[in-house]
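Shown next, in structure tokens, is the structure this report addresses.
A note on names: the letters A, B, ... follow the listed sequences, proteins ahead of strands, and every chain is numbered from 1.
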Amino acid sequence: MSLLIVLEKLSKSFGQFTAVDGIDLAVPKGEVLGFLGPNGAGKSTTMKMISGFLEPSSGSARVAGFDIAQSPVEVKRRIGYMPEGAPSYGEMTAATFLSFVAEIRGFRGAEKNRRIDETVDRVRLAEVFHQPIDTLSKGFKRRVGLAQAMLHDPEVLILDEPTDGLDPNQKHHVRGLIKEMARDKAIIISTHILEEVEAVCSRAVIIAQGRLLADGTPEELLARDPHHQALVITPVSGSEDQVRAALAAMGQIEAITGRDHQLRLTGASHKDVSAAIRDKNLQIEELYVERGTLDDVFRQITAPRESAHA
Amino acid sequence: MRNIFIIANREFRAYFSTPVAYVFLVIFLALTSAFAFYIGGFFTRGQADLVSFFSYHPWLYLALIPAISMRLWAEERNSGTIELLLTLPISTTEAVVGKFLAAWAFTGIALALTFPMWITVNVLGIPDNGVILTSYAGSLFMAGAFLAIGSCVSALTKNQVIAFIVAATVCFLFTMSGLDLVLNFFRGWAPEILIETIASFSFLTHFQAVTNGVIDLRDAIFFFSLIAFWLFANVVVVDMKKSA
């Protein structure tokens, strides 16, 4: 596995304010890395440094072997970057805009047209190809931004909130695109939508206050939820006490606030509990294993005070 | 070089993508002619030359050129497209020069469209067309210097109005520095060499030399080096904002 993105102690401060505080990170080919974090956590600033828009205050970023400070143009050749909000020149049409980007990326003549046609096809832009970008809907504008980043088939894609503001169908389509491209690229996306991480990312990091607080596959992050693998049991109405008494010995029982009758059992295995239910003939409506939610993990890791026990 | 051309081409088309360019051209042509005929006394002078036309160019440029240059960088910063531009595989210098050339070409078109003045004076008399040609060249170079100042100022802000006002002020100082109004302020106490230095920075002095038909290499060098200096400053400003 070749590492396409390597960050070492990457930091950025604006005056007194430290936006990114010593991030170390390595992203190999084939990985879709999700940047998770509250607003103002330093996700976008980190992306801007990798893409060469901001210079790091200290530390280094290397993309495909090139240092961003020493050979910025070489790095920029190998990156496709979609800034937050996918800005583009509103007065241009998608056609003229993509043609401009293609030319700057060094494509000419037939090769240029082939690249543009192919990309327009992939992001489904054909129907508005000749309209000024200003007149397009948010979804189409986002697709223009995506097309611009994908046009030269870069080794590294940096997408800042690629699905923000899209409707569910569009989101699904963009996620599909990202997954499709993942095989031979290293992709970093930032998002606050946690389900998105589960849907497209092979790995996720949680960033808050400029620091990297957690790093792992979505599954590993889920495992940090205290309720991960807990059992949720819904007794048949009237048999709550009986169920409670029977299971009390097997683990920690707590009531789930807001949901009547449901019990959460931690520290017991699914197998033992279902055996117990069968043997003792307990009347239950439902039994399932909780996966935990990334939302909970996220809150637990990034909430200022509660992070101590994480 | 190719990248400069691609950037300039995009930028140049951007001027014409809105009615602003056409409005500007009409205003430019109306004002240059109005000044030449009514204030400069093109007819009453009774001379077959375009001095009455060219001598108001520095003053017109003062108001009109910052209007062309103000959007160059401020608009990109305001709309966020600067992030796109500066993450494309080009150097900052290429972006700066490309944008400048587009604005300069646009000004060149505005200037070229004043050709009816030249036809008029040729119909009415027998002017020295060599002088007129050098005057046009001088006017274009002066416009370039104004534009370079404006472009650099535009990179400092995301507000086009601020870019306009600051650029106009800086240009005003450069224009005025040859006049007694400014020089008298220094005459009482400053050494002669300083006064001469200040006066030598005046657009007016250099431009008047050119419009008199004297092609002095020093005037050309003056405008060229001024353009080079301000574009260099422009690159520095753009790069500084990256590391801010």
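Within a 6.0 Å sphere centred on CZ of A/Arg78, heavy atoms belonging to other residues, nucleotides or ligands number more than 12. Sparse packing is recorded around CZ of B/Phe201, with 12 or fewer heavy atoms of other residues, nucleotides or ligands lying under 6.0 Å away. The number of heavy atoms from other shown groups lying within 6.0 Å of NZ (B/Lys241) is above 12. In this structure, A/Arg108 places its CZ atom where more than 12 heavy-atom neighbours from other residues, nucleotides or ligands lie under 6.0 Å away. Within 6.0 Å of CZ on B/Phe172 lie no more than 12 heavy atoms contributed by other residues, nucleotides or ligands. By the neighbour-count criterion of 12 heavy atoms within 6.0 Å, atom CZ of A/Phe14 is densely surrounded, having more than that number from other residues, nucleotides or ligands.
With hydrogens and angles ignored, the 3.5 Å screen pairs a side-chain donor or acceptor of A/Lys76 with a backbone N or O of B/Leu86.
Here the side chains of B/Leu85 and A/Tyr89 are in contact, with some heavy-atom distance below 4.5 Å.
Rounding to the nearest 0.5 Å gives a distance of 11.0 Å between CD of B/Glu83 and CE of A/Met47. In this structure, CZ in A/Phe100 is found 6.0 Å from CG in B/Leu88, a value given to the nearest 0.5 Å.
Within residues 6-19 of chain B, the residues having any heavy atom under 4.5 Å from a heavy atom of chain A are, by residue number, B/Ile6, B/Ile7, B/Arg10, B/Ala14, B/Ser17.
Nearest heavy-atom pair across B/Thr81 and A/Pro87 is N-CB, 3.9 Å. Across B/Pro89 and A/Arg77, no two heavy atoms sit closer than the pair CB-CG, 3.7 Å. Across all their heavy atoms, A/Phe97 and B/Leu84 have their closest contact at CZ-CD2, 3.4 Å.
No other option in A/Ile79, A/Val73, A/Ile104, A/Val75 has as many heavy-atom pairs under 4.5 Å with chain B as A/Ile104. Annotation: maximal heavy-atom pairing with chain B below 4.5 Å, among A/Pro83, A/Ala149, A/Gly85, occurs at A/Pro83.
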Pair A/Met49-B/Lys242, side chain to side chain contact (heavy atoms under 4.5 Å, CB included): steps then yes or no: CA-CA 9 Å; A/Met49 285 192 281; B/Lys242 277 177 150 185; over 6 Å; no
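Looking at A/Gln148, only its side chain comes within 4.5 Å of chain B, counting heavy atoms on both sides. Interface residue B/Ser79: only backbone heavy atoms are found under 4.5 Å from chain A. For B/Glu76, the part sitting under 4.5 Å from any heavy atom of chain A is the side chain, from C-beta outward, and nothing else.
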